[in-house]
Number of protein chains: 2
Amino acid sequence: MPKKNIKKSPSQNKKAYHHGNLREALVDAAIDILENEGLKALSLRAVARRVGVSQTAPYHHFKDKEGMLAAVAAKGFMMMEAAQNISIPGEENTAENILALGRGYVTFGLKHPALLQLMFGPEIPDPKNHPELMSEGQKSFNRILEGVTARMDEAGITYVTPSIVTISAWSMVHGLAILLIGGKITPEGVGLNNEEELIEQVANVLHKGLT
Amino acid sequence: MPKKNIKKSPSQNKKAYHHGNLREALVDAAIDILENEGLKALSLRAVARRVGVSQTAPYHHFKDKEGMLAAVAAKGFMMMEAAQNISIPGEENTAENILALGRGYVTFGLKHPALLQLMFGPEIPDPKNHPELMSEGQKSFNRILEGVTARMDEAGITYVTPSIVTISAWSMVHGLAILLIGGKITPEGVGLNNEEELIEQVANVLHKGLT
DNA sequence: GATTCAAACTTGACAATGTAAAGTTGCTCA
DNA sequence: TGAGCAACTTTACATTGTCAAGTTTGAATC
């Protein structure tokens, strides 16, 4: 066995798996493939290949392909949160806060279309089987709920509960993102020049409802 | 060739393919599989098997699997239109008309979750490649636009264009359907007993915005 | 330090899938 | 009648998800 003595120190070895970071590396590689080559190219084997492990290595970190997709979706929620935190620079205006959240949501969707679709799509038929994914989704809801509640208190709106308004708002921004991604609507189709203008106009409708 | 004389009249023969109905039969079978066994089970071969033709027969009617899925999605739009026509029995109240349209949309989504997800999901990465699908989506938009325009005229709303309101409304009902289907929100989660109640409450928010 | 043992990973295999290539069947019209 | 074209079949192959059976390795125990 001549190769035996080629010893790699684990610290030098870029791929120091075996304890620790393979799972994360797989998820990152999966997102990369998803965003650059599309859902069809996102196979377990392609992910393993990209990371440089055997085709069955992922099975030690995910139950099956769906398990991996769920992990990817969960990471998608985290990425969205991170993106939204950037877009709310400690504002105090509650109405503006909500609108910024909504804009951030749609903008994120346009920047990561395949990821957003995966997060809500049929590739993960029953999210209840994936606790991490569920809890990230819940966090997303709560983030919106917080802003909406503050705004409703401030504006003295009582004809509906904050939960209902939150659902309405989330529905709207999510729907808008998906319709744009899917090409069902376009800015040009309604006489606008770009997505930002469209987002702004729809945000106005939402805003009007919160006044 | 002994079988030769077993002559089947095309009209009697249930499977009188060879001119005519194979394409439609394939789409129907695909929807059946999609709704009863899920997206994962929806393979070209499974569809062909169910219809009783060879595995490559579908290629004479669809460019590839994506082509077939696009046809399924297009049919989904048609089914939705049919379902909505039922739910609007010649009403004259324009506001109620729109709400009925919205209710119909969400209800359809809950009845056909996998189909709705396919219609907007990443399995058809670029709908522009599928004219039939695009045109059905356009019809869907126009149907909402019609109702919204009438309502806005009636209510004298001018601070936004009907197109923007249509997009907002479509976004909202679509988002709501998808969030419900994906289990991201539940009626119980906001203290309601069933989907209908939730739909009604969200419809109220929408209605308020159109007053 | 040697031993042991579970966790992390690999090798090899198999059935199912999407799809290309080449052939066959059978309407339809000249 | 027969010629041609569209509808379908057969065969084949690379790729995929996943299972079963190893092998490696890092750390805990003696």
Side-chain angles (χ1 to χ4, degrees), chain A residues 1-27 29-30 33-34 37-72 123-125, chain B residues 1-27 29-30 33-34 37-72 123-125:
Chain A
M1 48 295 258
K3 279 181 182 171
K4 203 58 179 293
N5 44 9
I6 300 175
K7 212 174 175 179
K8 318 177 195 173
S9 106
S11 49
Q12 290 182 330
N13 189 353
K14 201 180 83 191
K15 296 175 188 171
Y17 305 127
H18 236 285
H19 284 135
N21 45 353
L22 213 210
R23 188 187 145 107
E24 208 187 320
L26 289 168
V27 171
I33 292 174
L34 178 63
E37 304 171 38
L39 181 66
K40 274 176 200 152
L42 181 52
S43 70
L44 263 183
R45 291 165 102 116
V47 172
R49 243 178 270 132
R50 170 155 317 199
V51 170
V53 294
S54 80
Q55 68 206 224
T56 54
Y59 283 89
H60 292 266
H61 299 273
F62 310 106
K63 177 170 171 284
D64 52 14
K65 186 181 181 183
E66 187 185 320
M68 186 202 219
L69 294 181
V72 168
E123 288 76 25
I124 302 155
Chain B
M1 47 293 260
K3 279 180 181 172
K4 203 55 180 296
N5 43 9
I6 299 175
K7 213 174 174 181
K8 320 174 195 175
S9 106
S11 48
Q12 289 181 333
N13 189 353
K14 202 179 82 191
K15 294 177 189 172
Y17 304 128
H18 237 287
H19 284 134
N21 44 356
L22 212 210
R23 188 189 147 107
E24 207 187 320
L26 289 168
V27 171
I33 293 174
L34 178 63
E37 304 171 40
L39 182 66
K40 276 176 198 151
L42 181 52
S43 70
L44 263 183
R45 290 163 100 115
V47 172
R49 243 178 270 131
R50 169 154 319 197
V51 170
V53 294
S54 81
Q55 67 204 221
T56 54
Y59 283 89
H60 291 266
H61 299 273
F62 309 106
K63 178 171 171 282
D64 52 15
K65 187 181 182 185
E66 187 185 320
M68 186 202 219
L69 295 181
V72 168
E123 288 76 25
I124 303 154

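Bear in mind the structure is a predicted one, so any value in this text is a computation, not a measurement. Chain naming here is simple, since letters A, B, ... match the order of the sequence lines and numbering starts at 1 in each.
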Donor-acceptor pairs under 3.5 Å, side chain of residues 61-72 of chain A to any protein atom, not counting sequence neighbours: which ones?
residue, atom, partner, partner atom, Å
A/Asp64, OD1, A/Glu66, N, 3.3
A/Asp64, OD1, A/Gly67, N, 3.0
A/Lys65, NZ, A/Leu42, O, 3.2
A/Glu66, OE1, B/Lys40, NZ, 2.6
A/Glu66, OE2, A/His130, NE2, 2.8

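- The distance from atom CG of A/Leu26 to atom C1' of C/dA8 is 12 Å, rounded to the nearest whole Å.
- Straight-line distance from the CE atom of A/Met68 to the C1' atom of D/dT16: 14 Å, rounded to whole Å.
- For B/Leu69 and C/dT17, the CG to P distance is 14 Å, given to the nearest whole Å.
- Separating the CZ atom of B/Arg23 from the P atom of D/dA6 is a distance of 17 Å, rounded to the nearest angstrom.
- For A/His60 and C/dT10, the shortest distance from a side-chain N or O to OP1 or OP2 is not below 4.0 Å.
- Nearest-nucleotide positions on DNA chain D place A/Ala41 closer to the 5' end than the other of A/Lys63 and A/Ala41.
- The side chain to side chain donor-acceptor pair (under 3.5 Å) check on A/Arg45 picks up A/Gln55, with sequence neighbours excluded.
- What separates OH of B/Tyr59 from C1' of D/dA6 is a distance of 19 Å, to the nearest Å.
- For the residue pair B/Leu26 and B/Pro58, the shortest heavy atom distance occurs at CD1-CA, 3.9 Å.
- Atom-to-atom distance recorded for A/Ile33:CD1 and A/Leu39:CG is 11.5 Å, nearest 0.5 angstrom.
- Atom pair A/Asp64:CG and D/dT16:P shows a separation of 17 Å (rounding to whole Å applied).
- When distances are taken from the side chain of A/Leu22 to each of D/dT10, C/dC9, D/dT18, the shortest belongs to C/dC9.
- For A/Glu123, there are no side chain to side chain donor-acceptor pair (under 3.5 Å) partners at least two apart in sequence or on another chain.
- For A/Arg23, the salt bridge (charged side-chain N to carboxylate O under 4.0 Å, His left out) partners are A/Glu132, not counting sequence neighbours.
- As rounded to whole Å, 13 Å separates atom P of D/dT18 from atom CZ of A/Phe62.
- Whole-Å rounding puts the B/Glu24 CD to D/dA7 P distance at 15 Å.
- The salt bridge (charged side-chain N to carboxylate O under 4.0 Å, His left out) check on A/Glu24 picks up nothing, with sequence neighbours excluded.
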Grab the N/O contacts between the protein and nucleotides 13-16 of chain C below 3.5 Å, and write none if there aren't any.
residue, atom, partner, partner atom, Å
C/dA13, N6, A/Gln55, OE1, 3.0

